[in-house]
Amino acid sequence: MDQLTYGDIKTATDRIAGRVRPVTLTPVDSGAIRTVRRDPLDDRPAGTCEVWLALEFMQHTGSFKARGAQNFLQAHRAAGTLPDAGVTIASGGNAGLACAWAAQQQGVRATVFLPTTAPEVKVARLRGHGAEVRLVGSEYAEALAACEEFVATTGALASHAYDHPLIAAGAGTLLEEIHARIPGLDTVVVAVGGGGLFAGVATAAQHHGIRTVAVEPENCRALNAAIEAGHPVDVTVDSIAADSLGARRTSAMALHAARQDRVHSVLVPDGEIVRARQALWDHRRVAVEHGAATALAALASPDRHVTDQDPPTRPTAPSRGYRPGSGERICVVLCGANTDVSTLVRPEN
């Protein structure tokens, strides 16, 4: 399936209502984000914009992934396609945690495959959500192969971190909540890894006439590279945010969403991601993953900035950062907080 519809997201919204935490929204201090003038003949100083943060890291299991996992299992339960062997996934990250949590909530067996090198803290968290954890091989590819063999031999239901319409539709319910809570929203800014969150959010945003800014690290740019090539391609993954945004290839759904009007693909350097993450801690005592800080970094990157009057997603000249216009109403999604907080605590002088 290369396309996700708004109807899929509306169905997901109704399906998971009451089963996930409503997103918390908080405004950024007025004047904290620089703006640009929209009229080149207007020589007055740029005004202020209105920026909100969507604190989706407060979701169950610490990331937006809980939405997609809940939608995935609920849909299969309603269709009578949940096998006795339960659900399985190869992921020690946010997707694995969300899958295990959703399965526990619904009394479904969950089997999660990880490489033997997985940190014990991840294994413990997965088991805490009732999952059976199987450690196989030294690399993720080996764990994935074992997961696929498990599906073939047991008939377990295979889940995916991002490349599934039910997973992406569940993620898109976040934008429905944001749209209902922020009247007149102009722009949503979201980090992109494999593309599940982006595909869902951009599809819902398109329906409501909201601009989507898709943000990736410069050296972790699966979506941007797919736009440039015209089809999904493998990319090198080398970024501080690779633990959550490190997909080597984006989904066809994400690429389809990126080709819609009012979608901008931008890249940000690792240095800006680190600074944005630290700023959230310094000024708000909010600890998020580097992947979550990537979205905020788009509003602070000092390089050339795309604006809403630029042609969308120009593949020959990747844009770095997004500079909002005066009066623009923006929501930045902070998508996850499964991170090592000790890296944010600065030693006292």
Side-chain angles (χ1 to χ4, degrees), residues 1-13 23 52 54 56 63-65 67-68 71 160-180 182 185-216 221-228 230-232 244-245 247 249-268 291-292 294-296 298-299 306-308 310-315 318-319 322 324 328-336:
M1 176 181 176
D2 292 351
Q3 299 184 26
L4 185 71
T5 70
Y6 178 67
D8 296 329
I9 294 166
K10 283 297 292 180
T11 298
T13 300
V23 66
W52 292 78
E56 184 62 2
S63 86
F64 73 94
K65 297 282 189 179
R67 295 176 181 269
N71 187 50
H160 197 278
Y162 59 87
D163 194 5
H164 193 287
L166 289 171
I167 297 294
T173 63
L174 173 61
L175 193 280
E176 287 296 281
E177 292 182 18
I178 294 171
H179 173 257
I182 306 179
L185 180 67
D186 297 302
T187 304
V188 60
V189 183
V190 60
V192 185
L197 176 63
F198 163 73
V201 166
T203 299
Q206 174 74 8
H207 175 82
H208 295 296
I210 297 169
R211 180 182 308 110
T212 302
V213 178
V215 192
E216 296 173 281
R221 51 183 288 268
L223 179 64
N224 188 269
I227 293 168
E228 182 176 310
H231 56 86
S244 55
L245 303 183
R249 176 181 288 243
T250 195
S251 69
M253 277 187 302
L255 179 57
H256 175 79
R259 287 170 166 161
Q260 299 176 115
D261 293 337
R262 301 173 68 79
V263 174
H264 297 286
S265 170
V266 304
L267 305 177
V268 292
T294 297
L296 184 60
L299 300 183
V306 68
T307 74
D308 69 354
D310 288 330
T313 56
R314 291 178 293 178
S319 301
Y322 178 80
E328 189 170 342
R329 189 166 291 177
I330 305 157
C331 184
V332 179
V333 176
L334 301 182
C335 55

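Positions are given from 1 along the sequence. What's counted below: heavy atoms across the whole structure, side chains too, no hydrogens, waters or symmetry copies.
- The heavy-atom pair separating Ala54 from Val23 by the smallest distance is CB-CG2, 4.0 Å.
- Residues Gly291 and Ser244 come closest through the heavy atom pair CA-OG, 3.5 Å.
- In terms of heavy-atom proximity, Glu176 sits nearest to Ala204 at OE2-CB, 3.9 Å.
- Remark: Ala226 pairs with Thr250, Leu255 by the side chain to side chain contact (heavy atoms under 4.5 Å, CB included) rule, at least two apart or across chains.
- Checked against side chain to side chain contact (heavy atoms under 4.5 Å, CB included), Ala171 has the following partners two or more places apart in sequence or in another chain: Phe64, Leu197.
- Listed for the Arg259 side chain is a donor-acceptor partner under 3.5 Å among the backbone atoms of Gly230.
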Evaluation steps, side-chain contact (heavy atoms from CB on, under 4.5 Å), between Val333 and Val201 = CA-CA 10 Å; Val333 176; Val201 166; 5.5 Å; no

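- Across Ala292 and Cys335, no two heavy atoms sit closer than the pair CB-N, 3.5 Å.
- Here CG of Leu185 is found 6.5 Å from SG of Cys331. Values are rounded to the nearest 0.5 Å.
- A heavy-atom distance below 4.5 Å is not found between the side chains of Ile178 and Trp52.
- Contact detail for Ala295 and Ala191: the closest heavy-atom pair is CB-N, 3.8 Å.
- Salt-bridge check for Arg67 with Glu177: passed, with a basic side-chain N closer than 4.0 Å to an acidic carboxylate O.
- Proximity of the aromatic rings of His160 and Tyr162 is defined here by a centroid distance below 6.0 angstrom, and this criterion is met.
- In terms of the ring pair (Phe, Tyr, Trp, His ring centres under 6.0 Å) criterion, residue partners of His208 (sequence neighbours excluded) are, by chain and number, Tyr6, His179.
- Partners of Ala169 according to the side chain to side chain contact (heavy atoms under 4.5 Å, CB included) rule, which considers only residues two or more places apart in sequence or in another chain, are Leu4, Asp8, Ile9, Ala12, Asn71.
- Every side chain to side chain contact (heavy atoms under 4.5 Å, CB included) that Thr212 has, sequence neighbours left out, goes to Val188, Val190, Phe198, Ala202, Ala205, Val263.
- Remark: Glu216 pairs with no residue by the side-chain hydrogen bond (donor to acceptor under 3.5 Å, both in side chains) rule, at least two apart or across chains.
- Here Asp186 contributes atom CG and Arg329 contributes atom CZ; the two are 7.5 Å apart, rounded to the nearest 0.5 Å.
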Under the side-chain contact (heavy atoms from CB on, under 4.5 Å) criterion, do Arg221 and Glu228 qualify, and how do the steps go?
-> CA-CA 11 Å; Arg221 51 183 288 268; Glu228 182 176 310; 3.1 Å; yes

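- Residue Ile227 comes nearest to Ser265 through the heavy atom pair CD1-CB, 3.7 Å, listed as atom of the first residue, atom of the second, then distance.
- Distance CG/Leu175 to NE2/His207: 10.5 Å, rounded to 0.5 Å.
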